[in-house]
Amino acid sequence: QGQKLINVTLSKCTHKQRLYVELTRIGIMSAAKTLCELNNYNEIQQEDIDFVLKKFTAAPSKTSVNELADFNYKMWKNKYLTELKVYGSVSKNKVDTSAHVGKALLVSGNSLSELKNVLENLPDIDVYTNGSLLRAHAYEYFKSKTNLKGHFTKGRSNYDFSVFPGAIYLTDYSEQSLENLVRGTLLTKIKYTPKGVKHISTYNELSIAVNNSKGFTKSKSNAIIYTGFDNQELQELLKKIAKYDYLVLVDSPEIADVEIEKKLLKDYPNAFMLNVNSINADKNSLNLANNILFLVYVIDEILKVIPSTK
């Protein structure tokens, strides 16, 4: 019913007004999500909550959209610094995508704090990450956990879990109509359980679900991928970028399309193309694990060496 009322209101708006409404909605959702994640670390300020709540009733406008963009950027930086404080330094790391014989648990979502809880409460179970949790493998803490076996799929979220032979645990819920996107036994501890997912109260229930599953009956060797970044390599990369007039950020978890690259560089001969989600160890690319926090840090570093006039 609420969506119907929104649609009626939007039908009376101009095209530009509808754009401001949509950008405001995206900005508020992103800000609220980041604040909830910061709350897991008790790193949340009342003034930040008040800012977001006021945006619910503020008239959508260009000014409001820009304020939300600036606020989100600030919150992402805060979250990155918080994760560094909790999980240690970030570095470039090899990540195994192979399967290993034994009972297995797939953890999907975005919450590093909940992944940490799973690893500590289920020390004897092989745990694999999925989707945006690829970034966990770049942090010092997670690299030290021997029961974190690797990453299932390559970089992006893959919601068809039917080929995973173990239990699947959702750390958080951000997808609509999840029941239409997934197959497999899904469990979660989050309060508002999405349709098609079983709610559990304890990690013991999760352990039982894992032990009742088939698990991997044979090992399968898959590719090694990379995530995170080495600060020294990043500084060398920035020196290269600073010599160009244009910087093009490409978001491609696989090898970038060569023909598109050729066409782009033909139109902009003095451009540097930086793939920020490459799974390869190319010195002219990064794998930021589709993670906005890593990207915010890299952009800040880029702006230190590239004049704003470029």
Side-chain angles (χ1 to χ4, degrees), residues 37 40 87 93-139 141-225 227 253 279 289-290:
E37 291 165 352
N40 292 333
Y87 305 116
N93 189 34
K94 293 179 181 179
V95 184
D96 193 2
T97 62
S98 301
H100 304 275
V101 173
K103 301 292 185 178
L105 173 66
L106 182 67
V107 180
S108 184
N110 192 53
S111 174
L112 290 184
S113 61
E114 191 55 23
L115 175 61
K116 179 176 183 284
N117 290 338
V118 168
L119 291 168
E120 292 182 350
N121 282 276
L122 305 175
D124 300 321
I125 289 176
D126 291 350
V127 176
Y128 298 80
T129 54
N130 175 258
S132 63
L133 282 178
L134 173 61
R135 80 183 194 279
H137 298 269
Y139 284 99
Y141 167 82
F142 292 102
K143 286 191 286 186
S144 70
K145 305 305 288 185
T146 56
N147 56 329
L148 182 58
K149 293 299 182 182
H151 187 74
F152 190 76
T153 74
K154 296 180 180 179
R156 294 191 183 274
S157 299
N158 181 356
Y159 292 101
D160 182 1
F161 298 136
S162 59
V163 296
F164 189 80
I168 299 151
Y169 182 69
L170 302 183
T171 67
D172 48 32
Y173 173 50
S174 59
E175 297 298 318
Q176 297 182 5
S177 304
L178 193 65
E179 68 275 14
N180 297 323
L181 298 175
V182 301
R183 289 181 288 169
T185 303
L186 296 147
L187 306 106
T188 190
K189 287 182 69 182
I190 57 179
K191 185 176 181 180
Y192 300 104
T193 305
K195 188 175 178 181
V197 180
K198 180 183 177 182
H199 183 269
I200 59 173
S201 301
T202 67
Y203 294 107
N204 185 54
E205 292 175 82
L206 187 57
S207 177
I208 291 171
V210 173
N211 287 315
N212 287 339
S213 65
K214 181 180 178 182
F216 288 109
T217 57
K218 60 180 181 179
S219 296
K220 182 181 179 183
S221 295
N222 292 325
I224 295 290
I225 60 177
T227 190
I279 62 172
N290 201 28

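Between the side chain of T188 and the main chain of T171, no donor-acceptor pair closer than 3.5 Å is present.
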| message | I'd like to know whether L134 forms a side chain to side chain contact (heavy atoms under 4.5 Å, CB included) with I225, so could you lay out the CA-CA distance, the side-chain angles of the two residues, the decisive distance to 0.1 Å, and finally the verdict. | response | CA-CA 10 Å; L134 173 61; I225 60 177; 4.0 Å; yes
| request: Output, in order, the C-alpha distance, side-chain angles, deciding distance and verdict of side chain to side chain contact (heavy atoms under 4.5 Å, CB included) for V127 and L122. | output: CA-CA 9 Å; V127 176; L122 305 175; 5.5 Å; no
| said: side chain to side chain contact (heavy atoms under 4.5 Å, CB included), that's the test. Do L119 and F142 meet it? Break it down for me. | reply: CA-CA 9 Å; L119 291 168; F142 292 102; 3.7 Å; yes
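Every residue two or more places apart in sequence or in another chain was checked for a side chain to side chain donor-acceptor pair (under 3.5 Å) with D126, and none qualifies. Residues satisfying the side chain to side chain donor-acceptor pair (under 3.5 Å) criterion with K143, sequence neighbours excluded, are S91. Here S98 pairs with D96 under the side chain to side chain donor-acceptor pair (under 3.5 Å) rule; sequence neighbours left out. For the side chain to side chain contact (heavy atoms under 4.5 Å, CB included) test, residues two or more places apart in sequence or in another chain that qualify with K94 are I224, Y226.
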Pair up each side-chain donor or acceptor in residues 212-220 with any protein partner under 3.5 Å, not counting sequence neighbours, and list the distances.
from : atom 1 : to   : atom 2 : distance (Å)
N212 : ND2    : I208 : O      : 3.3
S213 : OG     : V210 : O      : 2.5
S219 : OG     : V101 : N      : 3.4

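Pairs engaging residues 99-121 under the salt bridge (charged side-chain N to carboxylate O under 4.0 Å, His left out) rule: K116-E120 [sequence neighbours left out].
For the pair N147 and I125, the minimum side-chain heavy-atom distance is 4.5 Å or more. Side-chain contact between V107 and N130: absent, with no pair of heavy atoms (C-beta onward) separated by less than 4.5 Å. You'll find the side chain of L105 stays beyond 4.5 Å of the side chain of Y128, heavy atoms only. Between I190 and L170, the closest side-chain pair of non-hydrogen atoms is not below 4.5 Å. Two residues are said to be in side-chain contact when any heavy atoms from C-beta on lie closer than 4.5 Å; Y141 and L112 fail this criterion. Side-chain contact between Y87 and S113 is present, with at least one heavy-atom pair separated by less than 4.5 Å.
Remark: the N93 side chain and the T227 side chain contain no N/O donor-acceptor pair separated by less than 3.5 Å. Checked by atom type, the side-chain pair T129/H137 shows a donor-acceptor distance below 3.5 Å. Checking T97 against H151 by side-chain atom types alone, no donor-acceptor pair falls below 3.5 Å.
Taking OG of S108 as the start and CG of L186 as the end, the distance is 8.5 Å to the nearest 0.5 Å.
When every heavy atom of L133 is checked against every heavy atom of G109, the shortest pair comes out as CG-O, 3.6 Å. Across all non-hydrogen atoms, the minimal contact from L187 to A167 is CD1-CB, 3.9 Å. Taking both residues in full, the closest heavy atoms of N222 and A99 are given as ND2-N, 4.5 Å, listed atom of the first, atom of the second, then distance. Between I200 and L206 the shortest heavy-atom distance is CD1-CB, 3.8 Å.
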